[in-house]
Amino acid sequence: MQAARRYFKSFASGFVVAVPVTVTFLDYVGYVARVEGASMQPFLNPEDRSFNDVVLLNRWSVRNFKVNRGDVVSLASPRDPEQRIIKRVIGLEGDTVKTRTYKNRYVRVPSGHCWVEGDNFGHSLDSNFFGPVSVGLVHARASHILWPPQRWQRIEPSLPTDRGPLDQETIDHLEEQGAVTIPKT
Amino acid sequence: MQAARRYFKSFASGFVVAVPVTVTFLDYVGYVARVEGASMQPFLNPEDRSFNDVVLLNRWSVRNFKVNRGDVVSLASPRDPEQRIIKRVIGLEGDTVKHTFQMPGTRTYKNRYVRVPSGHCWVEGDNFGHSLDSNFFGPVSVGLVHARASHILWPPQRWQRIEPSLPTDRGPLDQETIDHLEEQGAVTIPKT
């Protein structure tokens with residue numbers, strides 16, 4: 001009886017310590033998550049596979065909200081804070097992007113915001129739908145594909161060939177025409 | 001020497017445990033913060049006092065992003081994610097709100113009336129004209145809300161529980177007014 005009681009006490013105190021330690025690790029270092037949906041095809045969850053990719057989400061790298069163009073990030077959806085979406089960062093604050101299906105053709109990304117898109121054009125609810133998103137909504141950076149083993153890889157920041165911020169010459173030209181929308185934020 | 005080493009080991013293991021326990025508490029239960037600035041006057045940091053209010057910020061109550069009209073909340077600024085601002089929630093998703101003013105020199109909404117999009121809220125500082133809030137940057141994503149200010153803890157004379165309350169002239173419009181405005185096409189529905 002004595003041994004059982006001591007065991008239970010050790011177990012309980014171990015448990016009580018393990019929870020905060022684990023929670024702190026998941027919140028400040030990172031965790032693992034399965035990718036749902038087709039918005040990042042073919043990069044994530046490509047069609048020829050029947051199961052979803054599992055990625056490593058790095059929380060530490062976004063603790064100061066420093067994201068890079070081409071990063072694949074997990075963020076809280078502007079339309080529903082409880083929903084997490086995974087997209088690629090196409091433009092940062094100050095960039096001018098050519099949008100795909102947004103109400104304005106050319107948009108200057110406001111300060112504190114970024115422009116995100118799913119790689120799968122036409123099958124992604126992203127900035128082309130809800131506009132620039134506050135960087136404060138970015139939760140983690142996807143650093144690796146962990147599963148399936150054949151797809152194990154480190155995720156490097158990379159912009160699709162035809163997506164990205166415009167160069168200064170094009171911007172100057174468009175601004176002369178008054179074609180660049182600067183959203184109010 | 002043995003005693004010192006044992007002491008050090010106990011200290012180290014206590015320390016290693018205390019950090020995650022404390023961090024988890026601050027992140028999931030709440031913490032205390034000093035209010036800077038005059039944007040929430042006279043409710044917070046009233047002018048007749050020389051020192052700033054200290055409030056209790058409740059993280060647990062916003063874990064599901066359920067905010068109420070009239071709540072005083074701390075949120076990441078849409079203009080700079082590293083900056084925390086404290087404002088009052090005036091409208092929730094689906095509400096129609098009226099701009100109190102439009103900052104001179106900025107691009108402003110065409111209409112005075114705005115429908116708060118889903119997943120967003122409309123926040124304002126109580127101090128009209130001295131607050132950078134939704135009147136300046138529009139509706140904010142609820143995902144940016146970090147905590148609800150539940151109590152003023154300091155100074156002791158101002159100790160109080162903070163109840164959700166809308167200023168008399170601020171709040172979402174009633175349905176009759178909304179219908180009337182919509183007929184005139186006067187309500188802006190931001191695209192999000």
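Here the structure is a predicted model, which is why all the values come from computation and not from measurement. What you see below is based on every heavy atom in this structure, not just the backbone, and it leaves out hydrogens, waters and symmetry mates. Order of the sequence lines sets the chain letters (A, B, ...), proteins ahead of strands, with each chain counted from 1.
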key: A:K66/B:E82 salt bridge by N-O under 4.0 Å criterion   = yes
query = With a 6.0 Å cut-off on ring centres, are A:F25 and A:W60 close enough?
reply = no
query = Highest number of heavy-atom pairs under 4.5 Å with chain A: which of B:D27, B:T22, B:L75, B:V19?
reply = B:D27
task = Hey, can you tell me if B:W159 and B:H151 have their rings parallel, tilted or perpendicular (30° and 60° cut-offs)?
result = tilted
key: Student check: side-chain heavy atoms of B:P167 and B:D126 closer than 4.5 Å   = yes
message = Let's test your reading of the structure: which of B:V21, B:D80, B:V16 forms the most heavy-atom pairs below 4.5 Å with chain A?
response = B:V21
Portion of B:N64 that has a non-hydrogen atom of chain A nearer than 4.5 angstrom = both
